[in-house]
A.B. asks: 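Before I ask anything, let me first share the structure, which is written out below as structure tokens.
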2 protein chains.
Amino acid sequence: MTGSLVVVGTGPGKAELMTPATAAALARATDLVGYGPYLARVPERSGQCRHASDNRVELDRARLALSLAASGRQVVVVSGGDPGVFAMAAAVFEAVEAGEPEWRDLDIKVEPGVTAMLAAAAEVGAPLGGDFCAISLSDNLKAWSTVERRLKAAAEGDFAIALYNPASKARPTQLGKAFDLLRALKTADTPVLFVRAAGTADAQVITTTLGGADPSRADMRTLVIVGASTTRQVGRWVYTPRSEGLGRS
Amino acid sequence: MTGSLVVVGTGPGKAELMTPATAAALARATDLVGYGPYLARVPERSGQCRHASDNRVELDRARLALSLAASGRQVVVVSGGDPGVFAMAAAVFEAVEAGEPEWRDLDIKVEPGVTAMLAAAAEVGAPLGGDFCAISLSDNLKAWSTVERRLKAAAEGDFAIALYNPASKARPTQLGKAFDLLRALKTADTPVLFVRAAGTADAQVITTTLGGADPSRADMRTLVIVGASTTRQVGRWVYTPRSEGLGRS
């Protein structure tokens, strides 16, 4: 039997935010490969093999998945959120490029999902309602100078900015450095949102400003959004208007 | 009975890419408000009122939805994709801000969905696997100079760039102008993807380069992705590696 590999994202957390296409791929799989906490979200099925791994071994995980698919298994690689956004899809194609020539002929498919910034935005209103960008603050795989260059460009372009991986125990200082950089380029009253566990029953929102934002309020489960110059608050909601005519008063 | 308003996105097209949370909100609604083609994707339910409107009347549509919710109806505003990305959620909050004071106390909720760029990226691999930005090329609601400023900033930051609304019958020239601007700032071999009808059974992909990209290949159903300097092709796939170490050869 010919093997296959599908890369999926389980969405931000709640089962109700996983697409039916992803649920169907998971149900058809003979083998699931992924970081333990993401695999734990997938209902157990008898006869299905689970290959749980630690975080930060994405390439090993991708190679294992490709080897299993090449041996004829129906493999699903499980990410959270959307698999193409700071997740496993890029790692799979990196592994294809560096790996066995026959891996290029495998039946590989990516299923899109709801990425964290969309769930975070929905919790607070529509802060990504205009042009926006997504930047990972992790410097495990890129130089911090690249992060700085992108933060500066994002401020220069007046984008709303979604910050993925703002902090972890091993990286406690990046978010503070990012806020410092942005404070030199954007006004102190720019809205800043800390959204923890977006798209789960435990979602928590802190609405603050760039001037007052405390980086210690973010952890691994937090998505931080820094507004554009037009981002504004109405009642308990924060949104970025589609039109430039509505400047912040 | 107390009214409510939920803003949803049906995803990129296929029913299998609509989240169960959105399907449940649609099933509970007494009234659906939206642009005709998006409403047409929602299964008919007896007793449910449909308020279909033309495109480009987002604020009127938002006001109608808020009035219905204020009168006690269970209203769902229907967008395509994710409602917070170039869609109805921002229009709803604009209408709240400019509208009746009691609208601020309404029970309003936004349900996240799969936005077009994620479905487009999944069709071709993982071109948004690193930092990226999303820019709408429509100048109906913002000045073209703002679009230019953001394209320049996106190139300066070496983001992968997702271009929403690249072309329509009324706006045939914007994408060509955007490519011209980017050609002055990025190398001619930068990968460019035209993904039409992503996330539907009719999806079509054109993989080309910034030097060779023909803007006339885009229409209203096309999402265009311009790569970062590291974006690369492997077999039939295009992806942006997570690491900077893998530069394009």
Side-chain angles (χ1 to χ4, degrees), chain A residues 11-12 14-21 24 58 82 84-86 89-91 93-94 96-97 104 108 110-115 118-119 121-122 125-126 128-136 141-143 146 149-150 152-154 156-159 199 234-235 237 239-244 246, chain B residues 11-12 14-21 24 58 82 84-86 89-91 93-94 96-97 104 108 110-115 118-119 121-122 125-126 128-136 141-143 146 149-150 152-154 156-159 199 234-235 237 239-244 246:
Chain A
K14 274 193 295 210
E16 294 77 16
L17 294 177
M18 185 195 294
T19 69
E58 289 93 347
D82 174 279
V85 176
F86 307 124
F93 295 111
E94 282 173 44
V96 168
E97 185 166 8
R104 299 187 184 211
I108 303 177
V110 180
E111 280 293 349
V114 175
T115 183
L118 303 182
L128 306 179
D131 301 323
F132 62 93
C133 57
I135 301 174
S136 169
L141 291 161
K142 64 187 169 198
T146 300
R149 172 185 175 189
R150 290 184 175 152
K152 279 179 197 156
E156 174 54 40
D158 194 20
F159 289 97
V234 52
W237 304 103
Y239 79 102
T240 304
R242 306 156 308 147
S243 158
E244 295 179 301
L246 287 168
Chain B
K14 275 193 295 212
E16 293 77 15
L17 294 177
M18 185 196 295
T19 69
E58 288 94 346
D82 175 280
V85 176
F86 308 123
F93 294 111
E94 281 173 44
V96 168
E97 185 167 7
R104 298 186 184 211
I108 302 176
V110 180
E111 281 292 349
V114 176
T115 184
L118 302 182
L128 306 179
D131 301 322
F132 62 93
C133 57
I135 301 175
S136 169
L141 291 160
K142 64 188 169 198
T146 299
R149 172 185 174 191
R150 290 185 175 152
K152 278 179 198 157
E156 174 54 41
D158 194 21
F159 289 96
V234 51
W237 304 103
Y239 79 101
T240 305
R242 305 155 307 145
S243 158
E244 294 180 301
L246 288 167

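Reckoned from all heavy atoms, side chains included, excluding hydrogens, waters and symmetry mates. In the text below, chain A, chain B and the rest are named by the order of the sequence lines, each starting its count at 1.
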A.B. asks: Which bit of B/Ala134 comes within less than 4.5 Å of chain A, counting heavy atoms only: side chain, backbone, both or neither?
C.D. replies: both
A.B. asks: In Å, rounded to the nearest 0.5 Å, how long is the span from OG1 of B/Thr19 to CG of A/Leu118?
C.D. replies: 11.5 Å
A.B. asks: Rounded to the nearest 0.5 Å, how far apart are OG of B/Ser136 and CZ of A/Arg242?
C.D. replies: 11.0 Å
A.B. asks: Below 4.5 Å from any heavy atom of chain A, which atoms of B/Ala24 appear? Answer side chain, backbone, both or neither.
C.D. replies: neither
A.B. asks: Write down the atom of B/Lys142, the atom of A/Asp131, and the distance for their closest heavy-atom approach.
C.D. replies: NZ-OD2, 2.5 Å
A.B. asks: For chain A, which of B/Ala119, B/Gly125, B/Gly199 has the most heavy-atom pairs under 4.5 Å?
C.D. replies: B/Gly125
A.B. asks: At a heavy-atom distance under 4.5 Å, which candidate from A/Ala91, A/Gly235, A/Ala15 has the highest pair count against chain B?
C.D. replies: A/Ala91
A.B. asks: Minimum heavy-atom separation for A/Val114 and B/Pro112, please, with both atom names.
C.D. replies: CG1-CB, 3.8 Å
A.B. asks: Taking every heavy-atom pair that is under 4.5 Å apart, which of B/Ala121, B/Gly130, B/Gly11 has the most such pairs with chain A?
C.D. replies: B/Gly130
A.B. asks: If I take atom CZ from residue A/Arg149 and atom CZ from residue B/Phe159, how far apart are they, to the nearest 0.5 angstrom?
C.D. replies: 9.0 Å
A.B. asks: Could you tell me which of A/Leu128, A/Val85, A/Leu17 has the largest number of non-hydrogen atom pairs under 4.5 Å with chain B?
C.D. replies: A/Leu17
A.B. asks: Is the closest side-chain heavy-atom distance between A/Trp237 and B/Ile108 below 4.5 Å?
C.D. replies: yes
A.B. asks: Roughly how far, to the nearest 0.5 Å, is the CD atom of A/Glu58 from the OG atom of B/Ser243?
C.D. replies: 11.5 Å
